[in-house]
Amino acid sequence: MRKCDTWSEQVKFHLGVLGFDLAVLEDNFAAITNSSSEEEMLYHKQWERSNRLSLIFLRMIVANNIKTTISQTGTAKEYLMFVEEYLHFANKSLNDALLAQLTTIKYDGSRGM
């Protein structure tokens, strides 16, 4: 399992425990109109609260160097996707750098086994 997958699952778990995972799991319905039912209005209100608090939570736990690379988003789901993409890219870059370093190392005989 990749590091970004583990991080994402942990965030989703914490949001679920806090009861704020609705915005991460579901897309918001169309805007509320005069003809919207009570159920639709309640769902919209719950989703908006979940989204607002999820965004606050995500912005609190994401490292500052990552925050600066993420554009402002309207939903927690989008924000989480941007962080996952960043972590995936950063992880790939680190792996590439380590592989490049490993393939260029030469044994000079100075270290004993």
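By convention here, the first residue in the shown sequence is residue 1.
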Which value, rounded to the nearest 0.5 Å, describes the distance between [X] atom [atom1] and [Y] atom [atom2]?
X     : Y     : atom1 : atom2 : answer
Ser8  : Met81 : OG    : CE    : 11.0 Å
Phe13 : Glu9  : CZ    : CD    : 11.0 Å
Glu40 : Glu38 : CD    : CD    : 10.5 Å
Glu48 : Tyr43 : CD    : OH    : 10.5 Å

| Any sub-3.5 Å donor-acceptor pair from Asn51's side-chain atoms to Lys77's backbone N or O? |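 Answer holds: no.
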| message | For a 4.5 angstrom cut-off between non-hydrogen side-chain atoms, does Thr33 reach Ser36? | response |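 Side chain of Thr33 against side chain of Ser36, heavy atoms only: contact under 4.5 Å found.
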| message | Do Leu58 and Val83 make a side-chain contact, defined as non-hydrogen atoms from C-beta onward lying under 4.5 Å apart? | response |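 No, side chains not in contact.
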| task | State, to 0.1 Å, how close His14 and Phe57 come at their nearest heavy-atom pair, and which atoms those are. | result |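 For His14 and Phe57, the tightest heavy-atom pair comes out as CB-CZ, 3.9 Å.
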| field | Hydrophobic cluster membership, Met60 vs Val24, 4.5 Å side-chain cutoff | value |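 In one cluster: yes.
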| query | Taking a hydrophobic cluster as the set of Ile, Leu, Val, Met, Phe, Trp and Tyr residues connected by side-chain heavy atoms closer than 4.5 Å, whether directly or through intermediates, do Ile61 and Leu55 fall within one such cluster? | reply |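 Same cluster: Ile61 reaches Leu55 through Ile, Leu, Val, Met, Phe, Trp or Tyr contacts under 4.5 Å.
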| message | Determine whether Ile32 and Lys45 satisfy the following criterion, side chain to side chain contact (heavy atoms under 4.5 Å, CB included), listing intermediate values before the conclusion. | response | CA-CA 10 Å; Ile32 298 298; Lys45 186 176 180 178; over 6 Å; no
| Member of Leu18, Asp21, Leu22, Leu15 meeting the side-chain contact (heavy atoms from CB on, under 4.5 Å) criterion with Ser54 |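 For Ser54, the side-chain contact (heavy atoms from CB on, under 4.5 Å) check succeeds only for Leu15.
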| task | Please identify each residue that fulfils side-chain contact (heavy atoms from CB on, under 4.5 Å) with Leu53, with sequence neighbours left out. | result |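 Here the qualifying residues are Phe20, Arg49, Ile56.
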